[in-house]
Amino acid sequence: MRAHVLTTAITLCLAASLAAAAGAPSAARTTSSPAAQAVQQRPRGPVIVDCFWHPHVRPADFILACGDGNSRLSSLRWSHWGAHSAKAEGVNWLNDCKPYCAAGKFHSYRVVVRLDRAEPWKKRPQVQHYTRMTLTYSDGRPDDFPRTVTYPLWN
C-alpha cells in the first residue's frame, strides 16, 4: 500500500511539473508587431525583461507576478520608449485571491505604466534594460493599494 501511495504521489508531481512547463511559456507570451520582434533580437535601446529572461521593446502584455501569474499588464499602448524612460497606458489584471488565489477573481484596473532606471543587463551587458516600473492607477485600484506603486525589475 505504501509503495502504491508513493508511486501515485510521484506520478502526480511529474504530471503537474509537465503541465506547468507546457503552460508557462504561453502565460508570458507577449504580442508585438514583426518590427518589434526584430528589435527584440538586436535591441538598440533599453528593453524590459520578462519572466523567462527574454528582452522586449514595447510589449502589448507583460506578466508582473512571475510565480503565479496573479498580476499582469495588458493592452499596453506605448506613447514613449526612450533611452532613460518609457510610458504606456493599459490595464492591470489582478487576482483578489479571495478566499484564496485559486478561487479568486481577476479584476481590471486602468493604469499608467512608467519604466526608468535603464542599466546594463547582467545577462547581456551590451543591452540596457529598465530596472524600475511605476504603476499609477487612474480610476479604481485594488483594496489597500496606494494610487502609485513602484516595483524593482529583475536583472
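Residues take their numbers from the sequence shown, with the count starting at 1. Because the structure is a prediction, the values reported are computed rather than measured.
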Task: Between S74 and W93, a side-chain donor and acceptor under 3.5 Å - done: yes
- [ ] Would you tell me whether S71 and N92 have side-chain atoms, one donor and one acceptor, within less than 3.5 Å of each other?
- [x] yes
4.5 Å side-chain heavy-atom contact, [X] and [Y]:
| X | Y | value |
| --- | --- | --- |
| L135 | T148 | no |
| R110 | S138 | yes |
| V47 | Q128 | no |
| N95 | K105 | no |

Task: Residues that K122 engages under side chain to side chain contact (heavy atoms under 4.5 Å, CB included), provided they are two or more places apart - done: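 For K122 the side chain to side chain contact (heavy atoms under 4.5 Å, CB included) partners, ignoring immediate neighbours, are N155.
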Task: Any residue meeting side chain to side chain contact (heavy atoms under 4.5 Å, CB included) with S85, in chain and number order, not counting sequence neighbours - done: H80, D116
Identify the two heavy atoms, one from [X] and one from [Y], that lie closest to each other, and give their separation to 0.1 Å.
| X | Y | answer |
| --- | --- | --- |
| T131 | R117 | OG1-O, 2.7 Å |
| A83 | A118 | O-CB, 3.6 Å |
| W78 | A86 | CZ3-CB, 3.9 Å |
| P125 | P120 | O-CB, 3.6 Å |
| Y137 | P142 | CE2-CD, 3.8 Å |
| G104 | D96 | CA-OD1, 3.4 Å |

TODO: Check step by step if side chain to side chain contact (heavy atoms under 4.5 Å, CB included) holds for D61 and L76.
DONE: CA-CA 6 Å; D61 300 295; L76 294 173; over 6 Å; no
hydrophobic_cluster_shared for [Y] and [X], side chain cutoff 4.5 Å:
| X | Y | value |
| --- | --- | --- |
| W121 | Y151 | yes |
| F145 | L73 | yes |
| Y130 | V149 | yes |
| V91 | V113 | no |
| L153 | L64 | yes |

TODO: For E89, check salt bridge (charged side-chain N to carboxylate O under 4.0 Å, His left out) against everything at least two apart and list the hits.
DONE: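 Expected list: R77.
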Open item on the list: Test side chain to side chain contact (heavy atoms under 4.5 Å, CB included) on I48 and L115; report intermediate values, then the result.
Closed with: CA-CA 8 Å; I48 185 169; L115 304 175; 3.9 Å; yes
- [ ] Kindly compute the distance separating CZ (F106) from SG (C97), expressed to the nearest 0.5 Å.
- [x] 7.5 Å
TODO: Measure the OG-CZ distance between S79 and R58 for me, rounded to the nearest 0.5 Å.
DONE: 8.0 Å
- [ ] For K87 and V112, run side chain to side chain contact (heavy atoms under 4.5 Å, CB included): C-alpha distance rounded to whole Å, both residues' side-chain angles, the deciding distance at 0.1 Å, then the answer.
- [x] CA-CA 7 Å; K87 181 180 176 183; V112 173; 3.8 Å; yes
- [ ] Just say parallel, tilted or perpendicular for the rings of Y109 and H107, cut-offs at 30° and 60°.
- [x]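 Aromatic pair Y109/H107 classed tilted.
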TODO: Measure up the F62 and W154 rings against each other and bin them: parallel (under 30°), tilted (30 to 60°), perpendicular (over 60°).
DONE: parallel
- [ ] Determine, stepwise, if the pair R141 / L94 fulfils side chain to side chain contact (heavy atoms under 4.5 Å, CB included).
- [x] CA-CA 10 Å; R141 62 181 185 253; L94 191 65; over 6 Å; no
